[in-house]
Amino acid sequence: MGAGAASPRSGHAPRRAGGTGTGTETDTGTSTGTSTGIGTGIGTGTDTGIGTGIGIGIDTGSGTETDTGTGTESALGAAPAVAAPWAGGGICPRSRWSPRLDRDTIVFAHLTVTAAGTERARARAQTLLDVPYGSGDREKLDIYFPTDPSETFPVLVYIHGGYWQSMSKDDSGFAAPPLVSQGVAVVAVGYDIAPKGHMDTMVLQVRRSLVFLAEQYPRIRGIYLCGHSAGAHLAAMVLSTDWTEFHVVPDIKGAVLVSGVYDLEPILPTYVNDALNMSREVAQRNSPMRHVPPAAPAACEVLVAVAQHDSPEFRRQSQEYSQALRAAGWSVSLLDLAGVDHFDVIEKLSEDSYLLTQVGDPEHDFKSMTACQE
């Protein structure tokens with residue numbers, strides 16, 4: 001999700017030290033859940049070929065699942081090698097992140113694109129950088145103001161991805177140029193990433209950043225959330241917030257959730273949790289799927305977007321979360337974006353003609369722009 005700020009491997013495909021071997025992986029298990037549309041349940045089984053470990057796979061129907069692939073995988077001594085359902089687990093030369101490039105190359109390319117786009121945005125827009133919303137080192141906002149601001153203006157708040165352990169707001173201004181030219185401010189949110197940041201802390205920080213905006217910028221005419229991957233998870237957690245404890249209710253008009261994770265429990269046995277160190281209790285209380293509140297009368301509209309070339313797990317979770325929102329009375333659309341993968345689905349926000357850029361412009365109506373795909 002997103003990419004590693006310090007190293008391309010750190011955020012998506014950390015290699016475990018130890019022996020490397022080549023073999024065939026066979027995952028067998030019985031799915032839990034019912035096959036629906038674009039995804040199904042999760043099966044757990046064993047990996048053979050590089051020692052014995054735990055495998056998590058996605059089936060395409062109810063019953064028994066068998067996934068076989070050949071490749072190279074590293075393991076820490078005799079420790080289990082754990083394959084993330086969306087990351088491909090190092091099995092495929094072309095990862096489940098993208099059909100374009102291999103796992104490490106696509107992450108580096110994503111970092112390059114977002115960093116260069118942010119540099120261009122800072123050169124073109126009026127900005128306030130590193131605005132503190134709290135006392136922590138990463139509790140800062142980058143604000144990109146509209147080119148010709150009116151007395152009041154809408155704000156798109158962007159929450160970056162990176163598997164909750166990489167990237168930053170400093171790579172997150174790439175979407176600003178087409179929006180500020182249309183009178184929309186863009187705010188990139190910084191938050192503590194793992195291992196320093198705990199999942200509870202990250203969720204709280206994003207909530208507090210919105211309270212800060214509501215209190216400090218009275219000219220804001222509606223907040224529109226946009227999160228990618230791990231950032232989509234954090235944005236979804238915002239939708240479940242009980243704002244009474246904050247004594248401020250941010251005026252959230254809409255949310256665009258792109259290629260997100262809405263159930264954290266499948267992450268627990270994977271390498272992603274090495275830095276996060278989540279317990280089952282932490283994963284459960286921070287899983288948006290488990291905390292979908294009944295829609296309030298003035299609840300915002302939600303667009304759940306997923307890439308054609310996202311992994312089956314991302315697609316399954318996107319569909320199931322959108323269904324859960326709808327069942328709770330929310331106005332929600334599920335958008336399946338053709339021809340894009342986990343990375344360029346968000347990189348294209350820098351393009352004026354991209355569908356999500358137009359949806360991200362609050363002056364457009366969500367429903368008329370999305371043509372719900374369900």
Requested in this report: Evaluate the salt bridge (charged side-chain N to carboxylate O under 4.0 Å, His left out) criterion for residues Glu119 and Arg122: first the C-alpha distance (whole Å), next the side-chain angles of each, then the deciding distance (0.1 Å), finally the verdict.
Outcome: CA-CA 5 Å; Glu119 185 176 347; Arg122 291 181 174 184; over 6 Å; no
What heavy-atom pair brings [X] and [Y] nearest, and what distance separates the two atoms?
X	Y	answer
Met202	Asp192	CG-O, 3.0 Å
Pro288	His233	CD-CD2, 3.5 Å
Ser209	Val189	OG-CG1, 3.8 Å
Ala121	Ala176	CB-CB, 4.1 Å
Asp336	Ala307	OD1-C, 4.2 Å
Val107	Phe343	CG2-CZ, 4.1 Å

Requested in this report: List the steps and the verdict of side-chain contact (heavy atoms from CB on, under 4.5 Å) for Cys300 and Leu239.
Outcome: CA-CA 9 Å; Cys300 70; Leu239 301 183; 3.9 Å; yes
Which residues pass the side-chain contact (heavy atoms from CB on, under 4.5 Å) test with [X], not counting sequence neighbours?
X	result
Pro293	Ser240, Trp330
Arg290	Glu265, Gln284, Ser287
Thr127	Ala125, Leu129, Tyr144

Roughly how far apart are [X] [atom1] and [Y] [atom2], rounded to 0.5 Å?
X	Y	atom1	atom2	answer
Asn286	Asp263	CG	CG	11.5 Å
Asp171	His110	CG	NE2	8.0 Å
Met237	Leu264	CE	CG	8.0 Å
Glu139	Arg208	CD	CZ	4.0 Å
Leu356	Leu335	CG	CG	6.0 Å
Thr201	Ile193	OG1	CD1	13.0 Å

**Report entry** Val113 with Leu337, same ILVMFWY side-chain cluster at under 4.5 Å
**Finding:** no
Query raised in the report: Do other residues, nucleotides or ligands put more than 12 heavy atoms under 6.0 Å from the CD atom of Glu215?
Result: yes
Query - Stepwise side-chain contact (heavy atoms from CB on, under 4.5 Å) test for Tyr224 and Leu179 - result: CA-CA 12 Å; Tyr224 296 79; Leu179 292 172; over 6 Å; no
If only atom types and distance count, is the side chain of [X] paired as donor or acceptor with the main-chain N or O of [Y] below 3.5 Å?
X	Y	result
Gln317	Val261	no
Ser318	Arg315	no
Tyr133	Gly190	yes
Arg219	Glu151	yes

[Y] side chain reached by [X] side chain, heavy atoms, under 4.5 Å:
X	Y	value
Leu225	Val157	yes
Lys169	Lys140	yes
Glu313	Pro266	yes
Ile220	Pro250	no
Asp344	Arg100	yes
Asn273	Met199	no
Asp142	Val131	no
His228	Leu349	no

Report task. Determine whether the aromatic ring centres of Phe153 and Tyr217 lie less than 6.0 Å apart. Result -> no
Taking only residues at least two apart or on different chains, which pairs with a member in [range] satisfy ring-ring contact (aromatic ring centres under 6.0 Å, His included)?
range	result
residues 236-263	Trp243-Phe246, Tyr262-Tyr321
residues 181-210	His160-Tyr191
residues 272-301	none

Query raised in the report: Step by step, would you call Asp274 with Gln165 a side-chain contact (heavy atoms from CB on, under 4.5 Å)?
Result: CA-CA 10 Å; Asp274 289 352; Gln165 53 201 278; over 6 Å; no
Query raised in the report: For Ser259 and Asp310, does a side-chain donor sit closer than 3.5 Å to a side-chain acceptor?
Result: yes
Requested in this report: Output yes when Asp251 and Arg221 qualify as a salt bridge under the 4.0 Å nitrogen-oxygen rule, no when they do not.
Outcome: no
Report task. Go through Ile346 and Phe174 one step at a time and tell me if the side-chain contact (heavy atoms from CB on, under 4.5 Å) criterion holds. Result -> CA-CA 10 Å; Ile346 199 70; Phe174 59 93; 4.1 Å; yes
Query raised in the report: How are the rings of Tyr163 and Tyr271 set to each other: parallel, tilted or perpendicular (split at 30° and 60°)?
Result: perpendicular
